[in-house]
Novice: 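I'd like to ask you about the structure that follows.
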Amino acid sequence: MDAVRIGYARCSTDRQDLTAQRSALVELGVAPERIYTDHGLTGRTRARPGLDQVLAAVRAGDTLVVTKLDRLARSVPDAREIADQLVARDVKLAPGPSTYDSTDPMGKMFFNILATFAEFESDLIRMRTREGMAVARAKGKLRGKKPKLSDRQARELRRMYDTGEYSVSDLAEVFSVSRPTVYRTLHRQPPTA
């Protein structure tokens with residue numbers, strides 16, 4: 001069987017689009033039907049169905065193509081683990097237009113540098129996100145998730161619970177919420193006198 005080029009594309013959020021990565025992979029010699037994707041999953045999430053599928057699809061002699069190394073992994077250990085797994089199966093890795101050669105010391109060094117930069121970039125993004133959230137919180141613009149029940153509904157739920165006639169399960173059914181939501185609401189609402 002002839003060796004083939006198989007592609008992998010990933011974007012971190014549902015708002016992002018894979019079109020540019022798909023186009024780039026096609027330009028790098030990957031047939032559109034041989035592109036596996038993960039949508040809305042970060043590179044730090046190791047449980048990625050598309051990645052699992054592409055790793056299962058590649059055979060000895062094939063080349064796994066990604067547009068950039070950070071699409072494959074966002075940490076050096078993860079990139080190293082994936083690369084080692086590919087080398088053990090005699091699968092080449094092509095981050096962009098170049099092909100990673102595991103037998104070449106320069107190739108190994110270059111790969112490790114790329115992986116380090118991918119991890120660094122990921123760390124910077126997380127740091128900026130935390131800083132942005134802290135600023136928004138300080139300005140009162142980041143308040144967390146909106147409660148499922150209005151204040152009036154929460155007071156009524158508490159009143160009904162305090163009568164002793166309704167269980168948590170009953171209240172969850174009446175207000176069409178989960179039991180944990182009932183418990184959270186009861187925790188936030190003071191008991192009726």
Side-chain angles (χ1 to χ4, degrees), residues 8-25 35-54 66-83 95-96 111-164 166-193:
Y8 174 70
R10 177 192 60 77
C11 60
S12 302
T13 68
D14 291 329
R15 292 184 307 265
Q16 293 173 323
D17 190 7
L18 291 166
T19 306
Q21 286 183 63
R22 285 179 182 274
S23 298
L25 288 169
I35 297 174
Y36 295 81
T37 62
D38 278 315
H39 200 245
L41 297 171
T42 69
R44 289 195 180 266
T45 305
R46 190 55 176 91
R48 291 178 269 157
L51 179 61
D52 293 340
Q53 291 169 354
V54 77
V66 290
T67 56
K68 295 190 319 187
L69 191 58
D70 70 350
R71 298 298 89 201
L72 187 63
R74 285 289 217 170
S75 73
V76 175
D78 192 33
R80 197 63 270 146
E81 180 186 328
I82 293 168
F111 178 83
N112 285 324
I113 289 170
L114 286 177
T116 301
F117 275 111
E119 185 172 359
F120 174 66
E121 181 183 31
S122 176
D123 290 344
L124 280 178
I125 290 168
R126 271 202 325 281
M127 183 182 73
R128 288 183 195 130
T129 301
R130 281 194 301 268
E131 287 172 354
M133 289 173 71
V135 168
R137 197 174 293 115
K139 290 181 178 180
K141 294 184 179 181
L142 187 67
R143 295 187 185 94
K145 206 171 177 182
K146 186 179 175 191
K148 298 234 187 259
L149 301 174
S150 68
D151 288 343
R152 185 176 175 187
Q153 289 173 316
R155 285 192 302 274
E156 181 59 17
L157 183 142
R158 174 47 104 173
R159 187 198 64 75
M160 291 172 70
Y161 179 79
D162 288 346
T163 66
Y166 299 92
S167 69
V168 169
S169 296
D170 294 336
L171 292 168
E173 189 174 330
V174 167
F175 287 91
S176 300
V177 295
S178 67
R179 290 177 48 171
T181 298
V182 172
Y183 284 116
R184 279 192 299 275
T185 303
L186 290 171
H187 180 73
R188 284 193 293 262
Q189 286 292 320
T192 53

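Along the sequence shown, residues are numbered consecutively beginning with 1.
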Novice: Does Arg71 use its side chain to pair, donor to acceptor, with the backbone of Val66 at less than 3.5 Å?
Specialist: no

Novice: So, are Glu131 and Arg128 salt-bridged, with charged N and O less than 4.0 Å apart?
Specialist: no

Novice: Can a donor-acceptor pair be found, under 3.5 Å and without considering hydrogens, that links the side chain of Gln189 to the backbone of Leu186?
Specialist: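 Between the backbone of Leu186 and the side chain of Gln189 there is no qualifying donor-acceptor contact (under 3.5 Å).
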
Novice: Applying the side-chain contact (heavy atoms from CB on, under 4.5 Å) criterion to Leu171, which one of Val177, Leu157, Thr181 satisfies it?
Specialist: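 Result for side-chain contact (heavy atoms from CB on, under 4.5 Å) with Leu171: Leu157.
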
Novice: What distance do Ile82 atom CD1 and Leu72 atom CG have between them, rounded to the nearest 0.5 Å?
Specialist: 4.0 Å

Novice: If you look at every heavy atom in Ala73 and Asp78, which pair is closest and at what distance?
Specialist: CB-OD2, 3.6 Å

Novice: With a 4.5 Å heavy-atom cut-off, do Pro49 and Asp38 have their side chains touching?
Specialist: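 They are in contact (side-chain heavy atoms under 4.5 Å apart), so the answer is yes.
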
Novice: Look up atom CG in Asp70 and atom OG in Ser75, then write down how far apart they are to the nearest 0.5 Å.
Specialist: 12.0 Å

Novice: List the residues meeting side-chain contact (heavy atoms from CB on, under 4.5 Å) with Ser167, not counting sequence neighbours, and say none if there are none.
Specialist: Ser169, Asp170

Novice: Are Arg126 and Thr129 linked by a side-chain donor-acceptor pair shorter than 3.5 Å?
Specialist: no

Novice: Would you say the side chain of Ile113 lies within less than 4.5 Å of the side chain of Thr116, judging by non-hydrogen atoms?
Specialist: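 They are not in contact (no side-chain heavy atoms under 4.5 Å apart), so the answer is no.
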
Novice: If we only count heavy atoms from C-beta on, is the His39 to Thr37 side-chain gap below 4.5 Å?
Specialist: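 Of all side-chain heavy-atom pairs linking Thr37 with His39, none is under 4.5 Å.
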
Novice: Looking only at heavy atoms, what is the nearest atom pair of Leu25 and Ala9, with distance?
Specialist: CD1-CB, 4.0 Å

Novice: Drop me the distance from Ser176's OG to Lys148's NZ, to the nearest 0.5 angstrom.
Specialist: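 That separation rounds to 11.5 Å.
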
Novice: Does any non-hydrogen side-chain atom of Tyr8 lie less than 4.5 Å from one of Gln21?
Specialist: no

Novice: Heavy atoms, side chains only, cut-off 4.5 Å: are Pro180 and Arg184 in contact?
Specialist: yes

Novice: Which heavy-atom pair separates Tyr161 from Tyr166 by the least distance, and what is that distance?
Specialist: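 Nearest heavy atoms, Tyr161 then Tyr166: CD1-O, 4.0 Å.
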
Novice: Working note: Arg158 + Thr185, criterion side-chain contact (heavy atoms from CB on, under 4.5 Å); need CA distance, chi angles, decisive distance, verdict.
Specialist: CA-CA 8 Å; Arg158 174 47 104 173; Thr185 303; over 6 Å; no

Novice: So, do Ile125 and Glu121 sit near enough that their side-chain heavy atoms are less than 4.5 Å apart?
Specialist: yes

Novice: Is Val182 close to Phe175 at the side-chain level, that is, under 4.5 Å between some pair of heavy atoms?
Specialist: no

Novice: Could you walk me through whether Arg155 and Arg159 pass the side-chain contact (heavy atoms from CB on, under 4.5 Å) check?
Specialist: CA-CA 6 Å; Arg155 285 192 302 274; Arg159 187 198 64 75; over 6 Å; no

Novice: Are any non-hydrogen side-chain atoms of Tyr36 and Arg10 less than 4.5 angstrom apart?
Specialist: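 No, their side chains stay 4.5 Å or more apart.
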
